[in-house]
Amino acid sequence: MAPISLTFPDDNARDYEAGITPAQVAADISKSLSKKAISATVNGQHWDLQWPIDADAQIAINTMQDEAPALELIRHDLAHIMARAVQEIWPDVKVTIGPVIDNGWYYDFDRAEPFTPEDLGAIEKKMREIINKRDPVTTEVWDRDRAIKYYEANNEPYKVELIEAIPGSDPIRMYWHGHWQDLCRGPHLQHTGQVPADAFKLMSVAGAYWRGDSSRQMLQRIYGVAFQNKEALRAHLTMLEEAAKRDHRKLGREMDLFHMQEEAPGQIFWHPNGWTIYTQLQDYMRRQQRRGGYVEVNTPQVVDRRLWEASGHWEKYQEHMFIVEVDEEHAREKSVNALKPMNCPGHVQVYNQGLKSYRDLPLRMAEFGSCNRYEPSGALHGIMRVRGFTQDDAHIFCTEDQIEAETARFIDFLSEIYRDLGFAEFKVLFSDRPETRAGSDEIWDKAENALLTATRAAGTEPGLNPGEGAFYGPKLEFVLTDAIGRDWQCGTLQVDFVLPERLDATYIGADGDKHRPVMLHRAVLGSFERFIGILIEEHAGKLPFWLAPRQVVVASITSEADAYVAEVVEALQKAGIRAEADIRNEKINYKVREHSVGKVPVILAVGHREVEDRTVSVRRLGEKQTSVQPLADIVASLGADATPPDLA
RNA sequence: GCUGCUGUAGCUCAGAGGUAGAGCACUCCCUUGGUAAGGGAGAGGUCGAGAGUUCGAUUCUCUCCAGCAGCACCA
């Protein structure tokens, strides 16, 4: 074999025979490294200690001190160890796939009986036994037919299907954890004992479709989390507990913001407190939109099917629409209507009134559009995914040449609003052309380039969602994250070549001929409902002062202060502050606790001293310290705090 | 929509084949208390809905509805 040169992170190089494995390299360096090694990084690629190296390369030997490879291996080996444990307990269970995910892994199984929470305990116990056995991990590359025959003989049809899907040029890699075998691309640890036995936990079982296809077998997926040590696991579990306290459904109850009930699934009963947030946000958005060059319109809720047929919704979206048929006896006309699931067709109707000139473009038409969509029952989630919601929707009618400038303008617009609302960071995703689509490649090129160029010009490199664009055009998604790390699309910008055509929108160009405008569908918040949900979770209920539904509670310490409490409340209200009195016959401790739990940002306590001095004792949410201030001062400073960011 | 789990007082939850309990919240009384729960009394439930088994069902079975987790969906 020809010698090869391996270069280490310290830039020293050593010569080895081609085909040498990192395990041998580690052994060559030192006995202790050989024991501690978990994997290698070869030319930037994560490399199993058993894989041969055939050419000159950069190499680093990883140990448990190297966080990224360590975590990947711990989680990946645990996926295999869990699958082995399951098959040792229930030999007839069929195994499928088990990848590493954020914080842990999952593995999908085909088993007739459901896994119970008690089963999870039994599996965990078995996993620890396997870890304690310190079984060696070994790997071989097999011939494709041999691997298929092997799995057919072992009655593992899912593995056969996986192999059939592996491209012909790729090796079929087999792994063994002790006697237990799995198809896997690797890499893995040296032996099961390298996995920390006290730093993982099985979390839950849920259904998952085989290969993510809802027309296929539903499997049982077991989720686990794992870390490098017990402390990190504990920290993660604590974080989950803390996140649960920020859940908008819980805070919505505690802060008396809204409720939902069986009779109206996926729809929200807003309480006075919640509706205050909603209207504050809407007022703010309305001001921003005016400033941003939008005109505001409003369009009908219940619309004859003819329009939905023309727009294409009847064909493509009907299963998500609430269809309204009036009882024939009462119907004036026997039409079939649908509640609008989107505002776009309505906006085109407004656009189509009167001839438009190229001088009218870009025309930015906004609506706080109430939409109803029959979302699948399993998709509903608090106020974040609902069946009745209001979008801060707008459609920009423009020419192809204006797409880029309008996109840039929109990203600026959205960024400022997100910043005002406390979201300095957000993800941007770019979805390009799907396989089935309308419009020529030429026009797609143009639209995709416009979106990308404008996004990059705004200083953001979007993530790519390949092939996930709508059939009518590419899109940008602006994604925010909830308390437990689930992503929610809020803002969006979508180019649409199709709807103007279908609904015959035109403008007269400088040449005197009719032309088709392009439509940009765009939303900043997405929907008020979802955005408020995110806002609550982001702030753990402690909303910025200007959005807080109850900004100030003035609490009496003694009933002799009642008259002064009323005076303070009135002064605050005159300054535009949402203030209320609490003169109940309760101790100040009780009142402070109750309003703190209710996330009221400022509590003003008044007793004899304050009445005497015409002051208030100020306590801000989350602070133990109080300060005494003259009434006039606090009215002025809270009045300033209450000013929305765009008016400050 | 699919898989699994759950549904008892306004909230958080306990309970059992013989028609229900706690804490908090609520109402009243006592208490006027200085920054996260003062004391006492009282009221409050068709045990998610319907059907079946049973002498008897809130408890067991089935169907439906809703919620939760995940998957699929998300113009």
Side-chain angles (χ1 to χ4, degrees), chain A residues 101 106 108 111 113-117 119 203-223 247 249-250 253-254 256 259-266 311-313 316-317 319-321 341-345 371 373-382 384-385 391 393 431 468-473 475 477 484 486 488-489 492 494 496 498-499 519 521 523 526 530 555-562 583-598 603-610 617-628:
Chain A
I101 54 174
Y106 67 75
D108 289 348
R111 177 185 181 224
E113 298 294 308
F115 290 111
T116 65
D119 290 342
M203 301 297 282
S204 61
V205 194
Y209 296 109
W210 169 233
R211 316 208 92 192
D213 183 342
S214 62
S215 66
R216 305 201 60 181
Q217 175 81 23
M218 177 145 293
L219 307 167
Q220 295 187 65
R221 174 172 298 178
I222 302 178
Y223 286 90
D247 190 311
R249 294 164 296 189
K250 183 177 160 67
R253 226 181 358 257
E254 290 172 1
D256 195 15
H259 84 273
M260 304 175 87
Q261 61 188 52
E262 270 195 33
E263 291 83 350
S311 70
H313 288 80
K316 300 245 183 211
Y317 204 68
E319 60 176 326
H320 296 289
M321 304 211 297
M342 294 172 206
N343 307 299
C344 23
C371 295
R373 297 182 188 172
Y374 189 80
E375 298 285 0
S377 57
L380 301 177
H381 179 86
M384 309 260 236
R385 182 87 181 260
Q391 296 178 314
D393 200 7
S431 300
E468 289 297 308
F471 75 91
Y472 53 69
K475 64 178 175 181
E477 290 176 21
I484 63 164
R486 284 180 289 218
W488 294 91
Q489 182 202 306
T492 183
Q494 308 180 6
D496 187 349
V498 172
L499 199 62
M519 273 175 90
H521 307 248
R530 175 175 295 179
S556 57
I557 294 169
T558 157
S559 56
E560 285 167 45
D562 288 358
I583 56 168
R584 288 175 302 170
N585 176 17
E586 295 291 351
K587 291 197 171 186
I588 192 64
N589 289 305
Y590 182 93
K591 296 181 185 181
V592 164
R593 180 189 145 77
E594 186 174 286
H595 299 122
S596 298
V597 168
I603 298 169
L604 301 182
V606 295
H608 289 296
R609 294 202 291 273
E610 288 77 11
S617 167
V618 184
R619 184 191 165 112
R620 288 182 188 270
L621 184 57
E623 292 175 17
K624 278 215 151 47
Q625 254 181 336
T626 61
S627 68
V628 176

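- The side chain to side chain donor-acceptor pair (under 3.5 Å) test applied to A:S627 returns A:Q629, not counting sequence neighbours.
- Here the nucleotide nearest the side chain of A:E610, chosen from B:G34, B:A72, B:U35, is B:G34.
- In this structure, A:H608 reaches the bases: a heavy-atom distance under 4.0 Å links it to at least one base atom across the strands shown.
- With A:F471 as the aromatic partner, A:K316 meets the cation-pi criteria of under 6.0 angstrom to the ring centre and within 45 degrees of the ring axis.
- Of all nucleotides listed (B:G34, B:C74, B:G1), B:G1 comes nearest to the side chain of A:S377.
- You'll find that the side chain of A:Y209 is closest to B:C2, out of B:G67, B:A37, B:C2.
- Residue-level contact check: A:S214 touches the backbone only, with heavy atoms under 4.0 Å from sugar-phosphate atoms and none from bases.
- By the side-chain contact (heavy atoms from CB on, under 4.5 Å) test, A:T626 is found to be paired with A:S617, A:R619, residues two or more places apart in sequence or in another chain being considered.
- Among the nucleotides B:A36, B:A69, B:A66, the one closest to the side chain of A:R249 is B:A69.
- Residue A:P114 is in sugar-phosphate contact alone, with no base atom involved, counting any heavy-atom pair closer than 4.0 Å across all strands shown.
- Side chain of A:I588, nearest nucleotide from B:G34, B:C73, B:C68: B:G34.
- In this structure, the nucleotide among B:G34, B:G48, B:C73 sitting nearest to the side chain of A:A379 is B:C73.
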